[in-house]
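We count ligands from 1, going down the list as the structure has it; atoms in each ligand are counted the same way.
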Amino acid sequence: MKFQPRASHFIDGEYVEDTNGAAIEVIYPATGEVIARLHSATPAIVEQALNSAKNAQAAWAALSGTERGRILRRASDIMRERNYDLSVLETHDTGKPIQETTVADATSGADALEYFGGLAASLTGEHIPLGGGDFVYTIREALGVCVGIGAWNYPTQIACWKGAPALACGNTMVFKPSETTPLSALKVAEILVEAGAPKGVYNVIQGYGDVGASLVTDPRVAKVSLTGSVPTGRKVYAAAADGMKHVTMELGGKSPMIVFDDADIENAVSGAILGNFYSSGQVCSNGTRVFVQKGIKEAFLKRLSERLDHAKIGDPMDENVSFGPMVSENQMNIALGYIEKGKAEGARLVYGGERIERDGYFVQPTVFADVTDNMTIAREEIFGPVMSVLDFETEEEVMARANDTEFGLAAGVFTNDLTRAHRIVAGFEAGTCYINTYNLAPVEAPFGGSKMSGVGRENSKLAINHFSEMKTVYVSMNDVEAPY
Ligand code: NAD
């Protein structure tokens, strides 16, 4: 098998296998073909990985930030050099078109390695002068062993978005990719070692939820960073709280995108396409509730349908293809189930709505109009290519409806009224907001959710605070005064 890795796990700088672990079959979503067979980590593998990360941490943290940063930046260069091969692997792991993976996966991972590699040398504490010559200084310290747990939609990116800031701060990591897409993270581990990362600094072990759970509860682990669904986030957060561990939770969403009648319709349609159909809709921050002001509703829907006719659906390895399969049969069935609910609850199907008759797990790009706030497709995260278009009349009304959700990951507004745009964004209950665009996530900007969509932020300088802590040192320059 062409994509079969040398072994399932990467621990202490080497590939490691334990065939006693439960089988994991990696399926190419475009054909349904098995492209690799792996094993879930046994308790012995979990033990080996955590020991390796624990043993490597002090020496890694003792390197200068410049040295750690150099290794991360070297890894970034290697990733960029191998972008095409890594993208082919990512396409087979996820089913996403090569047109996407060559620009949004290894490149995004490389951005994180480069950015946090660049920051590593300037991570410092501060000096705080006090009265009478006393002072405090703070030391920014690594947390220790960090666990990263990934979702299946952006496997390389998630492995790097978690690994790069963790390593920059002097932590070591055990990363568990999603069992659905286990291949790319192994390449990230290989590349880090090739770039000079000492053994044990970045380990990858495979497994289902039980393996993730065993990592979260281990006393050697100081921090858990999860990308996944809200139900998983709830469990992981609770388990981490028991051990008083630091957490970052990047969870699901049902984000609003508001299109006012003064918006540039072409741009709004582009934003809605990017925010619903990129990666076949399997993006956490998608703007799946598209509120369109009544006056432009039909024009918007007409232009949207015309543009969707140009989606090139097919073999994701064909560079002209812009819309691929869903990641798995299971995820496809979930999306199809929601499409049926949309029809049954009275939404008007204006585009798509069916499975595509070919091998693999393809679902048509699907648009429902006349969706109302209480319909299931407007309330629950679908994580598939299903857009709900809702009508609105006034700004006040749409603001309240946009926020009427337990989620708070992202939100967007399309309007040419400058003050309204900022007013709307100020009112959004969401971590990541967009004005006249949608779904961009540059490493320089914080990314993450409010409400049930998460805790903490990834990327940007803020991520450093989530992977390090401050030690306070009070220095007295005076005699100690005691009452007796
Ligand atoms: P999931 O919650 O099913 O699984 C996520 C990961 O958690 C997997 O690796 C899984 O094995 C692991 N896991 C499951 N149960 C666990 C447990 N009890 N303890 C520890 N680990 C456990 O999510 P998924 O289906 O892989 O991904 C889709 C979800 O991820 C969607 O809800 C999506 O919105 C979300 N997501 C969020 C972001 C973000 O940045 N906010 C990005 C991508 C995906």
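A donor and an acceptor atom, one from each side chain of Y154 and S279, are located under 3.5 Å apart. Side chains of T42 and D18: a donor-acceptor N/O pair is present below 3.5 angstrom, by distance only.
Taking any N or O of N153, backbone or side chain, none lies under 3.5 Å from an N or O belonging to ligand 1. Of the N or O atoms in T232, one or more lie within a sub-3.5 Å distance of an N or O in ligand 1. Not a single N or O atom of G253, backbone or side chain, sits closer than 3.5 Å to an N or O atom of ligand 1. The shortest N or O to N or O distance between T227 and ligand 1 is not under 3.5 Å. Ligand 1 has an N or O atom lying under 3.5 Å from an N or O atom of G150, backbone or side chain. Residue-to-ligand polar distances place K176 within reach of ligand 1: an N/O pair is separated by less than 3.5 Å. Considering backbone and side-chain N/O of L251, one or more are found under 3.5 Å from N/O of ligand 1.
Proximity of S178 to ligand 1 is established by a heavy-atom distance of less than 4.0 Å. Not a single heavy atom of Y154 sits closer than 4.0 Å to an atom of ligand 1.
Contacts with ligand 1 closer than 4.0 Å are made by side-chain heavy atoms of E381 only, the backbone lying farther away. Contacts with ligand 1 closer than 4.0 Å are made by side-chain heavy atoms of L226 only, the backbone lying farther away. By the criterion of a heavy-atom distance under 4.0 Å, the backbone of P177, and not its side chain, is placed next to ligand 1.
Closest to atom 40 (O) of ligand 1 among all protein heavy atoms lies E250 CB, 3.2 Å. Given atom 11 (O) of ligand 1, the protein heavy atom at minimum distance is E179 OE1, 2.7 Å. Protein heavy atom in closest approach to atom 39 (C) of ligand 1: C284 SG, 3.1 Å. Here the protein heavy atom with the shortest distance to atom 7 (O) of ligand 1 is I149 CG2, 3.4 Å. Nearest protein heavy-atom neighbour of atom 18 (N) of ligand 1: K235 CD, 4.0 Å. Closest protein heavy atom to atom 17 (C) of ligand 1: G209 O, 3.6 Å. Regarding atom 35 (C) of ligand 1, its nearest protein heavy-atom neighbour is G228 O, 3.1 Å. For atom 23 (O) of ligand 1, the nearest non-hydrogen atom of the protein is S229 N, 3.5 Å.
In the displayed structure, M1 atom CE is contacted under 6.0 Å by more than 12 heavy atoms of other residues, nucleotides or ligands. The environment of NZ in K54 is sparse: at most 12 heavy-atom neighbours from other residues, nucleotides or ligands sit within 6.0 Å.
The A213 neighbourhood of ligand 1 comprises atoms 19 (N), 20 (C), with distances under 4.0 Å to a heavy atom of that residue. Short contacts between ligand 1 and F447, defined as distances under 4.0 Å to a heavy atom of the residue, involve ligand atoms 40 (O). If you number the atoms of ligand 1 from 1 as listed, the ones under 4.0 Å from a heavy atom of G212 come out as 19 (N), 20 (C), 21 (N). Interface atoms of ligand 1 facing L409, defined by a heavy-atom separation under 4.0 Å, are 41 (N). Those atoms of ligand 1 that come under 4.0 Å of a heavy atom in Y208, given as number and element, are 11 (O). Counting atoms of ligand 1 from 1 in the listed order, those under 4.0 Å from a heavy atom of A151 are 26 (O), 27 (O), 30 (O), 44 (C). Distances below 4.0 Å separate heavy atoms of W152 from the following atoms of ligand 1: 24 (P), 25 (O), 26 (O), 27 (O). Listed by number with element, the atoms of ligand 1 under 4.0 Å from a non-hydrogen atom of G252 are 32 (O), 34 (O).
Exactly one residue among D370, D373, V398 makes a side chain to side chain contact (heavy atoms under 4.5 Å, CB included) with L390. That residue is D373. For the side chain to side chain donor-acceptor pair (under 3.5 Å) with T248, the qualifying choice from K223, R457, H466 is K223, the only one to do so.
Taking CG of N153 as the start and OG of S280 as the end, the distance is 11.5 Å to the nearest 0.5 Å. Rounding to the nearest 0.5 Å places OG1 of T94 at 12.0 Å from CE of M326. Note that the CD atom of E381 and the CE atom of M452 stand 12.0 Å from one another [nearest 0.5 Å]. Rounding to the nearest 0.5 Å places NZ of K461 at 7.5 Å from CG of L119.
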Inset, instruction - Using the side-chain contact (heavy atoms from CB on, under 4.5 Å) rule, take R307 and S270 through it: C-alpha gap first, then chi angles, then the decisive distance, then the call. - result: CA-CA 9 Å; R307 295 271 302 269; S270 297; 2.8 Å; yes

Inset, instruction - Please step through side-chain contact (heavy atoms from CB on, under 4.5 Å) for the pair V188 and T156, ending with a clear verdict. - result: CA-CA 7 Å; V188 174; T156 309; 4.0 Å; yes

Inset, instruction - Start with the C-alpha distance between V290 and N276, add both sets of side-chain angles, then the distance that settles side-chain contact (heavy atoms from CB on, under 4.5 Å), and finish with yes or no. - result: CA-CA 10 Å; V290 182; N276 282 273; 3.9 Å; yes

Inset, instruction - Applying side-chain contact (heavy atoms from CB on, under 4.5 Å), run through T288 and M257 and close with a yes or a no. - result: CA-CA 7 Å; T288 46; M257 180 185 295; over 6 Å; no

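Relative ring orientation between F383 and W152 is described as perpendicular, the plane-to-plane angle rising above 60° on a 0-90° scale split at 30° and 60°.
The aromatic ring centroids of F447 and W161 lie less than 6.0 Å from each other.
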